[in-house]
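Here is how names work: the chains are called A, B, and so on, in the same order as the sequence lines, proteins then strands, and each is numbered from 1.
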Number of protein chains: 2
Amino acid sequence: MEQDIDFKTFKRVVSLSMEDMCRDLFLENPRGIKIKKEGVAVKNLVKIFNAALAISNEKGFAAMSMRDLSAEAGLSMGALYTYFSSKDELLDMITHQGRMVTARVLLDQVDGIDNPRARLKRAIEAHLFLSEIMQPWFYFSYMETKNLSKTQHRKAIETELFTEKIFVDIISSGCEQGLFREVDVDLAGAALKALLQDWYLKRWKYAKRDVTVENYSVFITNLMESYLFL
Amino acid sequence: MEQDIDFKTFKRVVSLSMEDMCRDLFLENPRGIKIKKEGVAVKNLVKIFNAALAISNEKGFAAMSMRDLSAEAGLSMGALYTYFSSKDELLDMITHQGRMVTARVLLDQVDGIDNPRARLKRAIEAHLFLSEIMQPWFYFSYMETKNLSKTQHRKAIETELFTEKIFVDIISSGCEQGLFREVDVDLAGAALKALLQDWYLKRWKYAKRDVTVENYSVFITNLMESYLFL
DNA sequence: GTCTATATCTGGATAGAC
DNA sequence: GTCTATCCAGATATAGAC
């Protein structure tokens, strides 16, 4: 379990197609979605989510009209409303599903790795690789957080702090074991989080400079280690 | 000129009141604004900008209606439209004015400091202190970039790259002088930029943890130096 | 310069045919 | 399950009184 992982392997192991995620959503949500047949529902959810993410990441969720969405997804407005009861509910659905996957995958990836240095490295890779695969989703969640309903907004903040805590805990245990020097673990964790987020927030920049996700992963790991070891 | 600067001194020296900025805008823009008397125009521009930043940073510019703005600013809708010709123009005005100030202050602050280490420290402080004073403005600009008109959007990206280049150039000169070790200067610059941006993007987090801007400045400087010196 | 009142249009949501 | 047609609340923007 402690062995290294590369992006290709990661992608294969976690297998997070849009279809898988939409199927999960459908199975979790027997009430909200009026459609009965799984095949039809999943196929259309994929179309809806892809369209919503594309338009919203271009000009913002609030600026996306239901007519825009209808055109891009290739479904009539009437059909759209059999999958959610309001535009706000669609927003909540998308972010909710993203959060579930993130938490599950991150915890799963660091599980069983005890050495803090190895654990930190893997956590960084897992976060970056995941956000690479699900970039539109991560970008969307970041930008639309403040537009969520109050309960979903609270959950979004909880998840932000939860994933940050994963990093803080790793750094703390490294300090306790005398492996890392004594640092302000909260600040270190916050900084690491910011660096990981930059990967999906400024993808255009890194793409233009031909920085791959593996390059970036190595760089961030080195940066953090040079601070923690000194 | 090379001496240290603290937040209080910085605040006094750059003196960036909302009023100063609105006066600049008024004097630069004799065409767009229909109001003739400087006193009246500046007073109302301050009210409009404060209101627009407050509402937009709460729920997004697109979700802010002109009625919201009218109520919060204490001006009728008719009066609002004597200061700009459309909601989109208001968006452009706000971001434009913020960019002008940022570029001017940053260049001004590092001017005359030759030693790369001192220059880097000062650039970090200047960016953080500036974004502390103008937090609503910085947050707004970041979140609303993708909603700008095409020309203003292009300018926003140019400014992002311009300020990043200030950091990259400092790091490069440090490497050339053999003061810093050889690193990927573009990645280092991008990372630093991300860390500086986190300060105004997650202010709620740092405020809750009682991290001051000076604390954060010292932390970021140490983090970067531990990577650059090693 | 500022306000009120209003013209005009767009967008979310739904009813009912197929 | 999906589509078309439509309702109507609420949005931007302006005209004209004061």
Listed once per pair and sorted, the side chain to side chain donor-acceptor pair (under 3.5 Å) pairs that draw on residues 37-50 of chain B, sequence neighbours left out: B:R23-B:E38, B:N44-B:Y83
Nucleic acid contacts - residues 73-92 of chain A versus DNA chain C, non-hydrogen atoms under 4.0 Å: A:M77, A:Y81, A:S86, A:K87
Residues touching DNA chain C, which here means a heavy atom under 4.0 Å, drawn from residues 34-50 of chain B: B:I35, B:K36, B:K37, B:V40, B:N44
Side chain to side chain contact (heavy atoms under 4.5 Å, CB included) involving A:D169 - partner list, sequence neighbours excluded: A:K165
Side-chain donor-acceptor pairs of residues 68-81 of chain B under 3.5 Å, sequence neighbours excluded:
| residue | atom | partner | partner atom | Å |
| --- | --- | --- | --- | --- |
| B:D68 | OD1 | B:S65 | OG | 3.4 |
| B:D68 | OD2 | B:K59 | NZ | 3.1 |
| B:D68 | OD2 | B:S65 | N | 3.1 |
| B:D68 | OD2 | B:S65 | OG | 3.4 |
| B:S70 | OG | B:L75 | O | 2.6 |
| B:S76 | OG | B:A79 | N | 3.1 |

Strand contacts (DNA chain D) in residues 18-27 of chain A, 4.0 angstrom heavy-atom criterion: none
Inter- and intrachain pairs under ring-ring contact (aromatic ring centres under 6.0 Å, His included), touching residues 31-58 of chain A, at least two apart: A:F49-A:W137
For A:E58, side-chain hydrogen bond (donor to acceptor under 3.5 Å, both in side chains) partners two or more places apart: none
For chain B, the stretch of DNA chain C it reaches, first to last nucleotide, under 4.0 Å of its heavy atoms: C:dG1 to C:dT4
Pairs touching residues 145-165 of chain B that satisfy ring-ring contact (aromatic ring centres under 6.0 Å, His included), sequence neighbours left out: none
A:T102 side chain vs A:G98 backbone, donor-acceptor pair below 3.5 Å: yes
Gap separating the CD atom of A:E125 from the NE2 atom of A:H127, nearest 0.5 angstrom: 13.5 Å
Cationic N near anionic O, under 4.0 Å, A:K193 to A:E160: yes
Residues in side chain to side chain contact (heavy atoms under 4.5 Å, CB included) contact with A:A156, at least two apart in sequence or another chain: A:R99, A:T145, A:L148
Working for side chain to side chain contact (heavy atoms under 4.5 Å, CB included), residues B:W204 and A:I157: CA-CA 11 Å; B:W204 55 275; A:I157 299 225; 3.9 Å; yes
Passing candidate, side-chain contact (heavy atoms from CB on, under 4.5 Å) with A:F84, options A:I48, A:I33, A:N29: A:I48
Parallel, tilted or perpendicular: rings of A:F7 and A:F10 (30°, 60°): parallel
Of residues 60-68 of chain B, the positions that come close to DNA chain D - non-hydrogen atoms, cut-off under 4.0 Å: B:M64, B:S65, B:M66, B:R67
Ring centers of A:Y139, A:Y200 separated by less than 6.0 Å: no
Side-chain donor-acceptor pair present, B:D198, B:Y206, cut-off under 3.5 Å: yes
